[in-house]
Amino acid sequence: MTDRLYYHDSFLYDFEAEVREVTATPKLGLILDRTAFYPTSGGQVFDTGIIETENEKLKVTEVADAEDGRVVHYLEAPPKSLQPGAKIRGQIDATRRRDHMQQHTGQHVLSAAFVRMFSMPTVSFHMADDYCSIDLDTPSINKDQIEQAERLANEIILENRAVKIRFVTRDEAVKSGLRKLPPAERDELRLIDIDDFDLSACGGTHVNQTGQIGCVMLRKTERVRQGWRVEFVAGQRAVATARRDFTALTETAGLFSAHIYDVPQQARKSLDEIRSLRKQREQSVEELAEARAAALLAETGETNGRKIVIRSFSDRDMNFMKLLAQQLTRLAPNVIALLATTSPQPSLVFAQSAGQPHDMGALMKEMIVKLGGRGGGSKDMAQGGVPNANGIDAVLHSAASALP
Ligand SMILES: [Zn+2]
């Protein structure tokens, strides 16, 4: 078993130890007689840092718990020479460790606040790179409860209460009113005691005084299988997150030329405007299609008792083309519309007035292959898309010639 120095002192960033073993599988790892490096467990992620030997500096990229109670330090590159018995000096990345201590101790305070105020126990804790979360065993949670728990947690932080480590037997732990008893594994338990506020069994790294957490800020809540997930950030992460939020909000407010607190109102107003403009636009496009259809019919002569309208556009979308085809074939009983657009998306629309004898779907299939596209439709209306606009006009004319 590796002697875990962080069990007694979470602020020990620098230590000396002796190499026990250099492992090659599953990947290159180092086992020491003692370590201050924290291995991933209980929701808290591993430390990183440096292991210095007599003649080189090795980068520790990950630390894990082996099943036999030993701690494995995974290295970025293989050591040039390192034998069991060699003396090393370990240095933890202090910034990363401090951040983890702030998040983790913040979680203890927050979990206790939810239990004390609303009897909502924490069932799991997760630490990601930029936020943390706890899952609460509760059927529901509301905004007020979130704010109240956040307030109490921050009061406990402001009171700068002592956070002490105690080792007790399992029986003693049961009698001491532990927030959550871990599954029976070992006889001795490590308790983290936040003065007169929380007592829980935990093997993680914690600050010495709650003031070192800085603050906790609660963010997203979402329903999960077991209850509710509450995201939070503590300490410097809370400041960094608030900074990022402020930057995003300020940028958005700038777009509206508004104060940041007026952004939701401005955004709602803009969305309402967009909806209303979209409606107006739809109406205008329909009116335009109708007017264009009437003009096209007026300038198209009748041959063999029918009017064949051939038209290619360079700036109309499929929606307009379909509207135009509908209007053309509705305004007169003897119309065949062979329409195309070259931009934004090259495409074709064929349509005939109800009662005309042709098959637009079949005609479209026959013509569209000449352009390397795909399409089809019903007897009276068909559409298709082509990869580019080359040869579109010629195909419209050959479609007209193909009509009996
Ligand atoms: Zn803990």
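In listed order, ligands and their atoms are each counted from 1. Everything quoted here is computed from the prediction, not taken from an experiment.
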Open item on the list: Keeping to distances under 2.8 Å, can you name the protein N/O/S atoms close to the Zn ion (ligand 1)?
Closed with: His104 NE2, His108 NE2, Cys202 SG, His206 NE2
Open item on the list: Between the side chains of Asp130 and Arg237, is the shortest nitrogen-to-carboxylate-oxygen separation below 4.0 Å, so that they form an ion pair?
Closed with: no
Task: Electrostatic pair Lys307:Glu299 at N-O distance under 4.0 angstrom - done: no
Task: side chain to side chain donor-acceptor pair (under 3.5 Å) partner of Lys87, chosen from Glu18, Glu52, Glu16 - done: Glu18
Could you pull out all donor-acceptor pairs under 3.5 Å where a side-chain atom in residues 260-272 meets a protein atom, sequence neighbours excluded?
| residue | atom | partner | partner atom | Å |
| --- | --- | --- | --- | --- |
| Ser270 | OG | Gln266 | O | 3.1 |
| Asp272 | OD1 | Arg275 | NH1 | 2.9 |

Task: Parallel, tilted or perpendicular: ring planes of Phe167 versus His8, cut at 30 and 60 degrees - done: tilted
Open item on the list: Is it true that His104 and Gln44 share a donor-acceptor pair across their side chains at a distance under 3.5 Å?
Closed with: yes
